[in-house]
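Report on the structure given below.
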Amino acid sequence: MDRDEELLRGRVYGTDHEDPHPGPRPGHVYAELVGGPLDGLLLDITGWARDELDTGVALPTELGRYGAGGRAMYGPRPGDRSRFDWSGDSP
């Protein structure tokens, strides 16, 4: 595992790389991102409506196929909303 991958593990998506506590916060609900460029990150889904949870999300990332400005597409795993599976990248 390279240094970039190591930094991503156990982190919440969107936290600053300089944050001394980039992990989960008490009282929040998280889904693990599985596969793709954000594999292993946690996505804070606290307060998401049911339709948002069912739809999934396009997360901005520079780590995907399209680099800066690209998005990684993740959707809830059937029967397990605690995991969002990667379905591809988009520009």
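Positions are given from 1, in the same order as the sequence printed here.
Under the 4.5 Å side-chain criterion, counting only non-hydrogen atoms from C-beta, Tyr13 is in contact with Leu59. Counting heavy atoms from C-beta outward, Val34 and Phe84 have side chains that stay 4.5 Å or more apart. A heavy-atom distance below 4.5 Å is found between the side chains of Ser90 and Met73. Between Val12 and Leu41, the closest side-chain pair of non-hydrogen atoms is not below 4.5 Å. Leu42 has its side chain out of reach of Leu33: every pair of non-hydrogen atoms, C-beta onward, lies at least 4.5 Å apart. A 4.5 Å side-chain heavy-atom check between Tyr74 and Asp85 finds every atom pair outside the cut-off. Between Leu43 and Trp48, some side-chain heavy-atom pair lies under the 4.5 Å cut-off.
A side-chain donor-acceptor contact under 3.5 Å links Asp89 and Trp86.
Contact record, Pro60 with Arg71: CG-NH1, 3.0 Å, taken as the closest heavy-atom pair. Contact detail for Thr61 and Leu63: the closest heavy-atom pair is OG1-N, 3.0 Å. Minimum interatomic distance between Thr46 and Gly27 (heavy atoms only, all atoms of both residues): CG2-O, 4.4 Å. Of all heavy-atom pairs between Pro37 and Ala72, the closest is CG-CB, 3.8 Å.
Atom CD of residue Glu32 and atom CG of residue Asp39 lie 7.0 Å apart, to the nearest 0.5 angstrom.
Heavy atoms of other residues, nucleotides or ligands lying less than 6.0 angstrom from CZ of Arg65 number 12 at most.
Comment: Asp54 engages Arg81 in a salt bridge, judged by a side-chain N to carboxylate O separation of less than 4.0 angstrom.
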